[in-house]
Amino acid sequence: MAQAQVRPAVAGDGLAMAWIQLEVWRTAFSGLLPDDVLQTPAAQLAASWTAALHATSQTVLMATEGAEAVGFVHAAVDPDDRTTGRILVLHVRPAWARRGHGGRLLATAAAALRDAGASVGEWWVPETDTATRRFVGVVGWEMSGGARVLDTGRAMMTERRWTGTLDLQLSG
């Protein structure tokens with residue numbers, strides 16, 4: 001098996017991040033997102049991700065296995081409550097799921113958020129995303145009662161707020 005790692009994302013990762021995002025959207029959210037969103041050109045998404053990589057107040061990390069980009073996380077400390085670190089996006093390519101990449105991404109992002117002064121993590125997870133809900137529960141986070149409904153342009157999507165400690169440790 002190739003070496004798996006998490007590293008800071010660099011400007012050249014924007015396109016890989018865009019392709020990962022599109023793959024996850026098309027697999028997990030095809031019934032919720034409009035076709036035009038699912039067909040967004042990767043170069044358009046890449047430009048947004050490249051801009052996020054230059055924001056000093058955010059953490060963007062890339063998971064790799066060997067030379068293959070397999071996932072990424074985008075996290076930031078809440079500017080209004082510096083004790084809260086937010087997981088804004090965490091995607092792992094479906095073919096690379098259940099190999100520890102999500103856990104490594106989340107634990108590394110949690111460490112970066114702790115280093116920035118946060119002590120509590122927050123992540124809004126779609127109700128329909130059972131894999132992510134299961135994953136967040138396994139790491140010890142809990143639904144905190146918050147809910148929000150987003151109009152995706154194709155359907156209404158409810159997200160639930162999960163919160164937990166940023167003192168996450170990698171097992172094994």
If hydrophobic clusters are built by linking Ile, Leu, Val, Met, Phe, Trp and Tyr wherever their side-chain heavy atoms come under 4.5 Å apart, do [X] and [Y] end up in the same one?
X: Leu88; Y: Leu61; value: no
X: Met143; Y: Leu90; value: yes
X: Trp19; Y: Val70; value: no
X: Trp123; Y: Val139; value: yes

What is the minimum heavy-atom distance between [X] and [Y], and which atoms define it?
X: Leu168; Y: Ala110; result: CD1-CB, 4.0 Å
X: Ala18; Y: Ala42; result: CB-O, 3.3 Å
X: Pro34; Y: Gly153; result: CG-C, 3.8 Å
X: Thr64; Y: Ala69; result: CG2-CA, 4.2 Å
X: Arg82; Y: Ala116; result: NH2-O, 4.0 Å

[atom1] of [X] to [atom2] of [Y]: how many Å apart, nearest 0.5 Å?
X: Leu113; Y: Leu106; atom1: CG; atom2: CG; value: 9.0 Å
X: Asp115; Y: Leu166; atom1: CG; atom2: CG; value: 10.5 Å
X: Glu142; Y: Trp162; atom1: CD; atom2: CH2; value: 8.0 Å
X: Thr40; Y: Gln21; atom1: OG1; atom2: CD; value: 8.5 Å
X: Leu53; Y: Met62; atom1: CG; atom2: CE; value: 8.0 Å
X: Thr59; Y: Arg86; atom1: OG1; atom2: CZ; value: 14.0 Å

Beyond-backbone contact of [X] with [Y], side-chain heavy atoms, under 4.5 angstrom:
X: Val125; Y: Val136; answer: yes
X: Val77; Y: Thr84; answer: no
X: Val89; Y: Val73; answer: no
X: Pro94; Y: Glu23; answer: yes
X: Leu45; Y: Trp25; answer: yes
X: Phe29; Y: Thr152; answer: no

For [Y], does its backbone N or O pair with a side-chain atom of [X] as donor and acceptor, under 3.5 Å?
X: Trp141; Y: Thr165; value: yes
X: Arg154; Y: Leu33; value: yes
X: Arg26; Y: Leu38; value: yes
X: Thr132; Y: Asp129; value: no

Cluster companions of Val149 among Ile, Leu, Val, Met, Phe, Trp, Tyr (side-chain spacing under 4.5 Å): Met156
Quiz item: cation-pi between Arg148 and Trp124, 6.0 Å / 45°: yes
Under-4.0 Å salt bridge between Arg133 and Glu127: no
With sequence neighbours excluded, residues passing ring-ring contact (aromatic ring centres under 6.0 Å, His included) with Trp49: Phe72, His74
If you look only at distance, which donor and acceptor atoms sit under 3.5 Å apart when one is on a side chain in residues 4-17 and the other is two or more places apart or in another chain?
from, atom 1, to, atom 2, distance (Å)
Arg7, NH1, Asp13, OD2, 2.7
Arg7, NH2, Asp13, OD1, 3.1
Arg7, NH2, Asp13, OD2, 3.4
Asp13, OD2, Val10, N, 2.9

